[in-house]
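Lettering follows sequence order; numbering is per chain, from 1.
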There are 2 protein chains.
Amino acid sequence: MALRLYHFPLSPFGRKLRLAFFEKELLAEIIPAAPWEMDADLTAMNPAGTLPVLQIDDKTAIAPSSAICEYLEEQSQGMKLWPTDQFARAEARRLVAWFDEKFHREVTELILYEKIYKRLKRSGHPDTARMRAGLHNIRIHLDYVSYLADRRRWLAGEELSYADFAAAAHLSCIDYCGDVPWNAFPAAKDWYMRLKSRPAFRPLLEDRVGGMAPTGHYAELDF
Amino acid sequence: MALRLYHFPLSPFGRKLRLAFFEKELLAEIIPAAPWEMDADLTAMNPAGTLPVLQIDDKTAIAPSSAICEYLEEQSQGMKLWPTDQFARAEARRLVAWFDEKFHREVTELILYEKIYKRLKRSGHPDTARMRAGLHNIRIHLDYVSYLADRRRWLAGEELSYADFAAAAHLSCIDYCGDVPWNAFPAAKDWYMRLKSRPAFRPLLEDRVGGMAPTGHYAELDF
């Protein structure tokens, strides 16, 4: 089975999947693309016009990332990323939605989209009021991550899951902008360091987008 | 196992689940609530502060609706609402995300939230520019529903699925406002009539919210 994952390198949704592909040891072509430059082939694969898209054997395509996660989990033989227990699994799904919907709306769109996406798309200047709101909101979310990390081995419980990857995917994109106040949230920082030092994280730390270098500690394991 | 579903009657996410509970013949207490009046117990069940929330045996709670759908599908014995084939299942999940994310952002938030939620929450007057955008966008989505309904028995393929319930849940809320131009989209209308005449739909047609009656044909099977 030939797998091709089309992704935008600074997309949290693509990053969540790249982490999953690596941990599951799935062989796949990982192909960078930009959501605002999708050609007709990519749009046919996902009429919603978003990335990531997973293409299978040149004929079937799966999107969005939530459907790809479920597909990988149902089909692949590698590491399981939904917990075994039914309620732990529901908790992991709740947290994936927390980051992919709530954190995305309250932080990612306000910081990453304003600072980087707008520049890459040449669609105007960053809105500083929105960025300020994002910088305010991220502290509330880091407080919640700390709360969870203080009480559990991984965010959803005892097992590493998509919840950790969704959270780390969003935070790593904001970290690329230099806007995660890690030192004020030591438990969140400790959890992130454990993820960041996994080999699966390396490709993310090597991403460079549109000639913009990430901030100082972005790729450092000791930050 | 005692199930309690807390839902807001005019929420598409609650409606998707109420349809599923009925079709699966699950015994559950269906309890109306409002997301802007959640008490401490409900907020503890879902820290994101959204409805619906499913409470199980007075102790465990599951949210949001996407996690509840997966839980119901894994645990319950009734009618299956994800298709059997893996790619049909991925297609159904793509369409659920289409309606719960894209349609929600491009139509539901612009019409239902402006017209009804704002009034119930006493949070200002409807923004007419947003409503106009929603009325424009819904035609593009109805065109897509017609395209699918012309080619398939149900939206995701041969089997009735969560994709139909997600789509019908959003459209039924907009229909409560009288803003679905059904007659311009006969294939979409035919698909919706088939759903609307199922017994599972009846409780939705009886919803009345905040003293606002729905528009004329809302509860009629021949509209």
Enumerate by number any residue of residues 143-170 of chain B whose heavy atoms lie under 4.5 Å from heavy atoms of chain A; in the absence of such residues, state 'none'.
-> Y144(B)
Heavy atoms from other residues, nucleotides or ligands near CZ of R194(B) exceed 12 (cutoff 6.0 Å) | yes
What residues of residues 67-103 of chain B sit under 4.5 Å from chain A when only non-hydrogen atoms are counted?
-> A67(B), E70(B), Y71(B), E74(B), Q75(B), Q86(B), F87(B), R89(B), A90(B), R93(B), R94(B), A97(B), W98(B), K102(B)
Looking at A61(A), P64(A), A63(A), P47(A), which one has more heavy-atom pairs under 4.5 Å with chain B than the rest?
-> P47(A)
